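Read through the structure below, which is laid out as structure tokens, and then see the notes.
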Number of protein chains: 2
Amino acid sequence: MEEIDLPGLLHALSDPMRLEIVRSLFCAQQGGLSCKQIELPVSKATASHHFKVLREAGVIAQHDEGTRRISDLRSDDLERRFPGLLDSVLRAAQAEE
Amino acid sequence: MEEIDLPGLLHALSDPMRLEIVRSLFCAQQGGLSCKQIELPVSKATASHHFKVLREAGVIAQHDEGTRRISDLRSDDLERRFPGLLDSVLRAAQAEE
DNA sequence: TATGAAGTTAGACGCTCGTCAAACAAGTTC
DNA sequence: GAACTTGTTTGACGAGCGTCTAACTTCATA
């Protein structure tokens, strides 16, 4: 189990674009999503940057499938590290619209 | 009831100094604390800045008592807006040490 | 093998952030 | 009223962020 740091995690989640990524991955649940499947109103370079931030904060994991890079929410690891946190953030994101 | 925005809230909580302020206010519960009572390893100008960020994000409320400015956690408002969020962040901050 | 699709990297650009010292404001106390 | 305490504001500085375009890599397919 790695060291996920709380300020770093909250910072990763404090950007609307990244919150949208996390929300999409949560809805998709198993299987994950490729970067292209999550449509964001930014260039692909910027999108790639946001995925990197989420990965380095411990929020998502990525693996390659052919030419696609699939992202998965690390729900279990996050739940073990900070119980209830991801859930309440996702509920908050839902509540906020 | 005002508009507390989720990315703004998470950003306010994503700084170690501000997380420490929130943690202290939570421990104090009723009555609140003055800025001086929460000892931070920064100048008073910087501390004042962090209190301002928390206030503008909707995390704390402030009122004056003589020469002191008392800060209170807006637990109830936050609970109504984003149920469970503040609690899980506080538990996470506790868990992280 | 050449073309295309999906992402990453590098470099640049404004903007914001966290920090400080210095000056200021408001209340308290002698 | 003078000195002190508590906190805010202003202006500055360096670092980091979010964004883009352009060039590159890797895999797949025609």
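What you see is a predicted model, and the numbers here were worked out from it, not measured in a lab. Naming: A, B, ... by sequence-line order, numbering from 1 per chain.
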If you look only at distance, which donor and acceptor atoms sit under 3.5 Å apart when one is on a side chain in residues 47-58 of chain A and the other is two or more places apart or in another chain?
unit_1, atom_1, unit_2, atom_2, d
A:His50, ND1, A:Arg18, NH1, 3.1
A:Arg55, NE, A:Gln62, OE1, 2.6
A:Arg55, NH2, A:Gln62, OE1, 3.4

Separation of [X] atom [atom1] from [N] atom [atom2], in whole Å?
X	N	atom1	atom2	value
A:Leu40	D:dG18	CG	C1'	13 Å
B:Glu65	C:dA26	CD	P	19 Å
B:Leu54	D:dT8	CG	P	12 Å

key: Intra- and inter-strand pairs of DNA chain D in dot-bracket (Watson-Crick or G-U wobble, both distances under 3.5 Å; | for another strand)   = ||||||||||||||||||||||||||||||
Whether [X] side chain and [Y] backbone form a donor-acceptor pair below 3.5 Å:
X	Y	value
A:Asp64	A:Gly66	no
A:Ser88	A:Gly84	yes
A:Arg91	B:Phe82	no

query = Which letters describe nucleotides 6-20 of chain C, given B = protein heavy atom under 4.0 Å from base, S = only from sugar-phosphate, - = neither?
reply = SBBB-------SSBB
query = Is there side-chain contact between A:Leu73 and A:Val59, with at least one heavy-atom pair below 4.5 Å?
reply =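 Yes - at least one pair of side-chain heavy atoms lies under 4.5 Å apart.
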Counterpart residues, side-chain hydrogen bond (donor to acceptor under 3.5 Å, both in side chains), relative to A:Gln37 (two or more places apart) =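 With sequence neighbours excluded, A:Gln37 shows a side-chain hydrogen bond (donor to acceptor under 3.5 Å, both in side chains) to A:Ser34, given in chain and number order.
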message = Run the side-chain hydrogen bond (donor to acceptor under 3.5 Å, both in side chains) test against B:Thr67 and tell me which residues pass, sequence neighbours left out.
response =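 Partners of B:Thr67 under the side-chain hydrogen bond (donor to acceptor under 3.5 Å, both in side chains) test: none.
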Which atom of A:Ser24 lies closest to which atom of A:Leu33, heavy atoms considered =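 Shortest heavy-atom separation between A:Ser24 and A:Leu33 comes out as O-CD1, 3.7 Å.
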query = Only one of A:His63, A:Arg68, A:Arg69 clears side chain to side chain donor-acceptor pair (under 3.5 Å) with A:Glu65; which?
reply =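 Only match with A:Glu65 under side chain to side chain donor-acceptor pair (under 3.5 Å): A:His63.
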key: Worked verdict on A:Arg23 versus A:Glu20 for salt bridge (Lys or Arg N to Asp or Glu O under 4.0 Å)   = CA-CA 5 Å; A:Arg23 223 186 45 75; A:Glu20 174 57 27; 3.4 Å; yes
Could you pull out the protein-nucleic contacts involving nucleotides 11-15 of chain D (nitrogen or oxygen on both sides, under 3.5 Å)?
none

